Amino acid sequence: MGIDTLRWPNADYSRVPYSVFLDPDLHAIEQERIFRGPVWLYLGLDAEVPNPGDYITTVAGDTPVVVVRALDGSVHAFVNRCAHRGTLLVRNQFGNAKDFTCVYHHWCYDHTGNLIGVPFLRGLKGKGGMPKDFNLADHGLERLKVEVFASVIFGSFHAAPESLGTFIDRPMCEWLERFFAKPIEILGYTRQRIPGNWKLYVENTHDGYHAGLLHQMSTTFGLFRATEDGGIKLDKGNRHEVTFSIHASDKIEESKEAYRDTAWFEAPHELKDPSVFDFIDEYGNNMAANFCTLFPNVIFQQLANSLATRQIRPRKWNEFDLYWTYFGYQDDSAKLRATRMKNANIVGAAGYSSMEDGEVGRLCQIGIKGGANDHSVIEMGGLGPIGTQYTTVTEVPIRGMWLNYCKLMGIPVANAAAA
Ligand code: FES
Ligand SMILES: [Fe+2]
């Protein structure tokens with residue numbers, strides 16, 4: 001089934017056709033209509049390029065991108081592709097450079113992507129050289145629009161995207177301002193390759209229902225339980241989400257009852273080092289699990305005191321990379337920093353409470369094989385209007401995510417007239 005014949009099964013988005021995870025052709029269309037379309041993409045953090053000449057290599061969808069701070073302090077992003085013959089221009093993950101020289105024929109670019117040098121431009125010994133009218137100014141790197149919000153660097157390929165503040169919207173803007181209220185310090189990176197479609201991961205981060213079930217370490221050792229007060233806030237376009245949960249706000253009897261059929265909760269599990277789940281209430285809101293997902297490519301994470309961004313890097317229809325950037329605040333006390341570092345064991349590719357998210361992506365991708373005409377069922381939380389939920393036992397935000405996906409992709413609803 002191609003994009004032209006794809007019809008969404010129903011108007012409340014409570015059914016998701018598995019073909020959206022199985023169709024290899026959709027990958028290229030998503031790159032055009034979403035990642036090169038009218039969205040802002042997470043590219044990195046301001047703190048990754050603190051000084052003039054500092055750069056990181058990243059991606060915007062599947063397009064390789066360089067983010068660099070110029071001499072005047074401004075931040076720029078351009079496609080990491082030499083304008084001559086397409087060679088990957090910058091090969092390091094990060095560094096500092098006075099300019100960027102392609103390895104192939106040494107074309108050289110400045111920090112803003114201008115072509116500033118072409119070897120043998122006028123030839124040698126009166127022979128060769130570029131045509132007389134070859135103009136360096138016509139052969140710069142492809143640039144992205146760049147804006148920085150609350151220390152986060154966003155880029156867009158679109159000629160006229162909506163303003164970044166409108167795109168992020170409330171309450172996500174306030175959430176990011178709080179998250180990045182103080183100068184941060186990058187603590188490190190991890191990355192993992194997940195053999196599943198990237199949208200399975202975005203579904204997962206919009207899915208409160210799974211959190212108190214799949215993540216048994218968190219539930220068993222009290223980092224997060226579905227019985228705690230919490231919810232998922234959506235923006236008015238229902239495209240992004242903020243998940244929050246008030247730590248230990250449930251009664252132990254209540255959670256035992258809710259989980260009574262789940263043997264592991266009652267079993268006498270013990271941690272040899274319980275400090276891995278230590279939680280210091282550094283924001284004064286008693287939230288040990290607080291996430292923000294901006295569609296399509298980033299999750300901001302606070303789990304206990306582990307802080308990170310997770311960038312989604314689609315590679316093909318059945319594979320994506322998840323790129324984790326861990327950070328703390330520059331004014332962290334030694335105790336807080338040590339807790340953050342220990343909490344980092346909970347997250348990442350092998351994290352006690354996040355490896356499962358990658359694994360279920362893999363399992364879904366395997367399970368739906370041969371199911372292009374089948375669909376998933378998204379009804380937890382009810383079929384009513386899509387909007388903020390004051391419970392985490394809900395899948396309603398996933399329906400918002402698909403509504404937005406269909407808008408961007410131009411996928412109509414099969415029975416729109418009847419809806
Ligand atoms: S491909 Fe980069 S200089 Fe030729
Ligand atoms: Fe999860």
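Computed from a prediction, not measured in an experiment: that's the story for all the values here. Each ligand, and each atom within it, is numbered from 1 in the order the structure gives. When a residue number appears, it is its place in the shown sequence, counting from 1.
- Ring centers of His247 and Phe279: under 6.0 Å apart, within the cut-off.
- Ring centroids of His215 and Tyr352 are separated by 6.0 Å or more, keeping the two rings apart.
- The distance between the ring centers of Phe179 and Tyr329 does not fall below 6.0 angstrom.
- Between Trp198 and Tyr201, the gap from one ring centroid to the other reaches at least 6.0 Å.
- If you look at Phe100 and Tyr55, their ring centroids are closer than 6.0 Å.
- The number of protein N/O/S atoms found under 2.8 Å from the Fe ion (ligand 2) is 4.
- Note: Tyr189 and Tyr323 meet the aromatic proximity criterion, with ring centroids under 6.0 Å apart.
- Checked against the 6.0 Å centroid criterion, the rings of His111 and His76 do not qualify as a close aromatic pair.
- Asp235 has no carboxylate O lying under 4.0 Å from a charged side-chain N of Arg170, or vice versa, which leaves the two without a salt bridge.
- Sorted by chain and number, the protein atoms of type N, O or S within less than 2.8 Å of atom 4 (Fe) of ligand 1 are His84 ND1, His105 ND1.
- With respect to Asp321, the salt bridge (Lys or Arg N to Asp or Glu O under 4.0 Å) criterion is satisfied by exactly one of Arg191, Arg193, Arg313: Arg193.
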